[in-house]
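Nothing here was measured: the structure is a model prediction, and the numbers come from that model. Below, read A as the first sequence line, B as the second, and so on, with proteins coming before strands; counting in each chain starts at 1.
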Protein chains: 2
Amino acid sequence: MAESTPTSTPQRGPERRPDLATNLRVAVLRLSRRLRNESTLEVSEAQHSVLSALFHLGPMTPGKLAEHDHVQRPSMTRTVASLEERGLVTRETDPVDKRSVVVDVTAEGRALVKEIKRRRNAWLDKRLAKLTAAERQVVAEAAAILRRMVEQ
Amino acid sequence: MAESTPTSTPQRGPERRPDLATNLRVAVLRLSRRLRNESTLEVSEAQHSVLSALFHLGPMTPGKLAEHDHVQRPSMTRTVASLEERGLVTRETDPVDKRSVVVDVTAEGRALVKEIKRRRNAWLDKRLAKLTAAERQVVAEAAAILRRMVEQ
DNA sequence: TATTGTTATACTCTATAACTATA
DNA sequence: TATAGTTATAGAGTATAACAATA
């Protein structure tokens, strides 16, 4: 059964028709690029990622944020500092362990996360609206499958 | 018929179940991030984009490359310079219009593009292989739909 | 004049290494 | 000693403004 839908890059021929992996790779990379470039506001992607993590997961230390975003701690120090300067997050020393700092998103930060989400969804909605209902159904099912796949 | 598959961000309720745009947005942004981070070799995404454009579309001026990648020309000057230093592209003055420069990808550059594509597809294939055949079929159809959608 | 590309300059994100404060 | 975070420093990508060469 598994081989009825080949997933691998062709190895036997020199240049075959694009396979599933290639189609998915191109679709995802292009769509993500447009999403990032055309519907972000005044924050960089690095800043947005931090705001979004704090928004969805709650207050966190810079170390945890660095781990979450797969960046080094000094990089996160700078990103958090820039967000604090702009009033989008707060930094407070942990009273129990005074080495630690707890970062939290401010009301303004929350509003910005929501606004960016709204813009990105609006950008997508405009394009999804041009598909047929059947196509949207396929995309909806695939989105659920891919979310599950990427989170494993 | 169109309203049987709602695409819009919910406006009437305070927090509804994730809609299609949200699901797709999260799936695409996370998948693209893992694809970029976990299966790239020794070139940045900016450099890879240039190599890939030259590989697939043929020799091009820095101006055309900048336009293709939606960056400013001075940025492309730097990226092309770094690629030339590493022997991945060549730069030659156009004999007809001596203001222009023609950039082309070298054999080494081509090999690198193929290797990165191979790695990214392999990374995806490993995950796609864990899906059922029916799920892969849905993802394949969605990839085709999304490629068409994003290119409009 | 207009166009192509580069240089000058600055800002952000990234990294590694070394440092401070606390545990 | 070990850990959390920062500072020091450097490299890459991005931008705008100004410049050179060519059309």
Side-chain angles (χ1 to χ4, degrees), chain A residues 29 32-34 36-38 40-54 59-104 112 116, chain B residues 29 32-34 36-38 40-54 59-104 112 116:
Chain A
L29 290 178
S32 69
R33 178 170 191 170
R34 307 259 331 241
R36 285 186 226 270
N37 289 350
E38 301 193 24
T40 298
L41 291 177
E42 309 82 2
V43 287
S44 69
E45 197 57 32
Q47 291 172 327
H48 178 254
S49 178
V50 170
L51 291 177
S52 182
L54 296 173
M60 231 179 293
T61 65
K64 287 290 177 193
L65 284 168
E67 191 181 333
H68 181 266
D69 281 4
H70 298 97
V71 297
Q72 297 301 309
R73 273 181 296 172
S75 303
M76 189 51 69
T77 293
R78 297 200 76 180
T79 300
V80 168
S82 69
L83 288 170
E84 191 189 18
E85 274 176 30
R86 296 188 45 184
L88 299 173
V89 305
T90 54
R91 282 174 69 263
E92 283 189 16
T93 303
D94 185 332
V96 178
D97 182 346
K98 286 176 184 166
R99 295 173 304 180
S100 287
V101 168
V102 176
V103 186
D104 198 3
L112 190 51
I116 289 171
Chain B
L29 290 178
S32 69
R33 178 169 190 170
R34 306 242 356 223
R36 285 186 227 266
N37 289 349
E38 301 191 24
T40 297
L41 293 178
E42 310 82 2
V43 287
S44 68
E45 197 58 31
Q47 292 172 326
H48 179 254
S49 178
V50 170
L51 290 177
S52 182
L54 296 172
M60 232 180 290
T61 64
K64 286 289 177 194
L65 283 167
E67 192 182 332
H68 180 267
D69 281 3
H70 299 95
V71 297
Q72 296 301 308
R73 276 180 297 172
S75 303
M76 189 52 68
T77 292
R78 298 199 75 177
T79 300
V80 168
S82 69
L83 288 170
E84 191 189 18
E85 273 176 31
R86 296 187 46 185
L88 299 173
V89 304
T90 54
R91 284 174 68 264
E92 285 189 16
T93 303
D94 184 332
V96 178
D97 181 346
K98 287 176 183 165
R99 295 173 304 180
S100 287
V101 168
V102 176
V103 186
D104 198 2
L112 190 52
I116 290 172

Sub-3.5 Å donor-acceptor pair from the side chain of A:D69 to the main-chain atoms of A:V71, do we have one?
no

Side-chain donor-acceptor pair under 3.5 Å between A:E84 and A:T90, yes or no?
no

In whole angstrom, what separates A:R78's CZ from D:dG5's P?
18 Å

Between the two ends of the helix from C:dT1-D:dA23 to C:dA23-D:dT1, what is the bend in degrees, rounded to 10 degrees, where each end axis spans five pairs?
20°

Selected nucleotide, minimal atom distance to B:Q72 side chain, candidates D:dG5, D:dT14, D:dT16:
D:dT16

Determine whether A:E85 and A:V80 make a side-chain contact, defined as any pair of heavy atoms from C-beta on separated by less than 4.5 Å.
no

I need the minimum non-hydrogen distance between B:D104 and B:L54, along with the two atoms involved.
C-CD1, 4.1 Å

Hey, does A:P74 reach any base, or is it just sugar-phosphate, or nothing, if we go heavy atoms under 4.0 Å?
base

Considering only heavy atoms of chain A and a distance under 4.0 Å, specify the first and last nucleotide of DNA chain C in 5' to 3' order that meet this criterion.
C:dC13 to C:dA23

Look only at the side chain of A:D94 and the backbone of A:V96, and say whether a donor-acceptor pair between them is shorter than 3.5 Å.
yes

With distance as the sole criterion, do the side chain of A:R73 and the base of D:dT6 form a donor-acceptor contact below 3.5 Å?
no

B:S75 near the nucleic acid: base, sugar-phosphate alone, or nothing, with a heavy-atom cut-off under 4.0 Å?
base

Result for 5'-nearest mapping on DNA chain C, choosing between A:M76 and B:T61, is B:T61

Between A:Q47 and A:R86, does a side-chain contact (heavy atoms from CB on, under 4.5 Å) hold up when you go through it step by step?
CA-CA 11 Å; A:Q47 291 172 327; A:R86 296 188 45 184; 4.0 Å; yes

Beyond-backbone contact of A:L65 with A:T79, side-chain heavy atoms, under 4.5 angstrom
no

So, is A:T77 close to the D:dT6 phosphate, meaning a side-chain N or O under 4.0 Å from OP1 or OP2?
yes

Within the side chain of A:S32, is there an N or O that forms a donor-acceptor pair under 3.5 Å with the backbone of A:L29?
yes

Would you mind reading off the distance between A:E45 atom CD and D:dT14 atom P, rounded to a whole angstrom?
14 Å

Hey, are the side chains of B:V50 and B:M60 touching, using non-hydrogen atoms and a 4.5 Å cut-off?
no

Would you say the side chain of B:V43 lies within less than 4.5 Å of the side chain of B:L112, judging by non-hydrogen atoms?
yes

Are any of the side-chain heavy atoms of B:H48 and B:I116 separated by less than 4.5 Å?
yes

Where along residues 91-99 of chain B does a heavy atom come under 4.0 Å from DNA chain D, residue by residue in number order?
B:V96, B:D97, B:K98, B:R99

